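Shown next, in structure tokens, is the structure this report addresses.
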Number of protein chains: 2
Amino acid sequence: MKNSQNLLKNSPLKVTPQRLEILQTIQKNGHISIDDLYAHIKEKFPSISLATVYKNIHTLKDEGILLEIHPQDAKSHFEIKKEPHGHFICKKCGKIYDFEIKTSCNPNLSEISEIDESEVYLYGVCKECQ
Amino acid sequence: MKNSQNLLKNSPLKVTPQRLEILQTIQKNGHISIDDLYAHIKEKFPSISLATVYKNIHTLKDEGILLEIHPQDAKSHFEIKKEPHGHFICKKCGKIYDFEIKTSCNPNLSEISEIDESEVYLYGVCKECQ
DNA sequence: AATGTCAAGGATAAAAATTATTATTTAATG
DNA sequence: CATTAAATAATAATTTTTATCCTTGACATT
Ligand SMILES: [Mn+2]
Ligand SMILES: [Mn+2]
Ligand SMILES: [Zn+2]
Ligand SMILES: [Zn+2]
């Protein structure tokens, strides 16, 4: 797991305590929504502005440091970008689980166009909730 | 292609001109955002309220008649629900294309939990935009 | 056809979510 | 340290979505 400091140092972005806290909180939680992120960060930075969180999330996303996840019935969640993988989303607790996608599973789409990116979501009820 | 009237008749929902127009517009366009939908419908129903469109879209989705599509960098689009399939989304023009997903491509996830639903998105530039 | 009932529509307000603005502070650089 | 560009906080503004309330319309039953 890369440390937050380096993620920023390898980008044109400045290293600020707010950004470090944002990244560390995301790393600790895996997948997190803006609201939960904000709530967590407020504990350490009571004066941080929600707008700052929004701005940074988008800046970090633009830099390719974060990845946005779009659950069907919840607000976007964010994670530190790593190897491409799929997401299993529990319909009960909303928790998001990673899973590996076998490369052999790539649908043959050459007849449509070249593919840059992909997102795979599966929905169901996780073991904890069953 | 099922006609809009029957889609409604096979549900507890009442058949109204606004709903028919919403469904027909979606069928004509394949995948459409609320805003575009509203713009189209306004031509035939100048007095329709945006709230009515929102309300119906959600009602129809709850009835399983519509399906919501979540593109990375655009607002949700909606389509008439049919066989499960994947979506290729053009990063340039935003157009959404359907594609077939081979059943052999299902990732083995029995170790995580049972799967109810899935969403697959691919991103790139479509042929028209190349 | 006329009537009754309940769902649906329109208009609008309210709420929720996101983005823009601006003055102040801070990180990075030499 | 001083300089400069970028980031933050606070706030306002905008955008998006939902709730409310009253009216209208669909549709089943007479
Ligand atoms: Mn993940
Ligand atoms: Mn489709
Ligand atoms: Zn769960
Ligand atoms: Zn295109």
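Letters A, B, ... mirror the listed sequences (proteins, then strands); counts begin at 1. This one's a predicted model, so the numbers in the text were calculated from it and none came from an experiment.
Along DNA chain D, the nucleotide closest to A:Ser47 and the one closest to A:Pro12 are compared, and the more 5′ of them pairs with A:Pro12. Position along DNA chain D of the nearest nucleotide to B:Leu13 versus A:Ala51 favours A:Ala51 as the more 5'-ward residue. The residue among A:Val15 and A:Ile34 whose nearest nucleotide of DNA chain C lies closer to the 5′ end is A:Ile34.
A:Ile41 places its CD1 atom 11 Å from the P atom of D:dT8, with the value rounded to the nearest Å. At whole-Å resolution of the value, CG in B:Asp62 and P in D:dT18 are 11 Å apart. In this entry the distance linking CG of A:Leu8 with P of D:dA6 reads 16 Å, nearest Å. In this entry the distance linking CG of B:Leu37 with P of D:dT17 reads 13 Å, nearest Å. Rounded to a whole Å, the CZ atom of A:Phe78 is 11 Å from the C1' atom of C:dT18. Put simply, CD on B:Glu21 is 12 Å from P on C:dG10, counting in whole angstrom units. To the nearest angstrom, C1' of D:dG25 lies 13 Å from CZ of B:Phe45. What separates CG of A:Asn10 from P of C:dA28 is a distance of 13 Å, to the nearest Å.
Between A:Phe88 and A:Tyr97, the ring planes are tilted. Angles from 30° to 60° get that label.
For D:dA10, the OP1/OP2 oxygens have no side-chain nitrogen or oxygen of A:Ser49 closer than 4.0 Å. The side chain of A:Gln18 contributes no N or O atom lying less than 4.0 Å from OP1 or OP2 of C:dT26. Distances shown here put a side-chain N or O of A:His58 below 4.0 Å from the OP1 or OP2 atom of C:dT19.
To the nearest 0.5 angstrom, A:Leu66 atom CG is 9.5 Å from A:Asn56 atom CG.
Using a 3.5 Å distance cut-off with no hydrogens or angles, the side chains of A:His77 and A:Asp36 do not pair a donor with an acceptor. Between the side chains of B:His87 and B:Glu79, at least one donor N or O sits under 3.5 Å from an acceptor N or O. In this structure, a donor-acceptor pair under 3.5 Å is present between the side chains of A:Glu119 and B:Tyr123.
With C:dG10, D:dT17, C:dT18 as the candidates, the nucleotide lying closest to the side chain of A:Leu50 is C:dT18. In the set C:dT19, D:dT8, C:dG9, C:dG9 carries the atom at the smallest distance from any side-chain atom of B:Asn56. Taking only side-chain atoms of B:Thr16, from C-beta outward, the nucleotide of D:dA26, D:dA9, C:dG10 with the closest atom is D:dA26. Distance from the side chain of A:Lys75 is smallest for C:dT18 among the nucleotides C:dA27, C:dT18, D:dA19. Of the listed nucleotides (C:dT12, C:dG9, D:dA6), C:dG9 has the atom at the smallest distance from the side chain of B:Lys55. Comparing C:dT19, C:dT12, D:dG25 against the side chain of B:Lys14 picks out D:dG25 as the nearest. Among D:dT17, D:dA7, C:dA11, the nucleotide with an atom closest to any side-chain atom of B:Tyr54 is D:dT17.
With respect to A:Asp73 and B:Lys61, a salt bridge is recorded, a charged nitrogen being found less than 4.0 Å from a carboxylate O.
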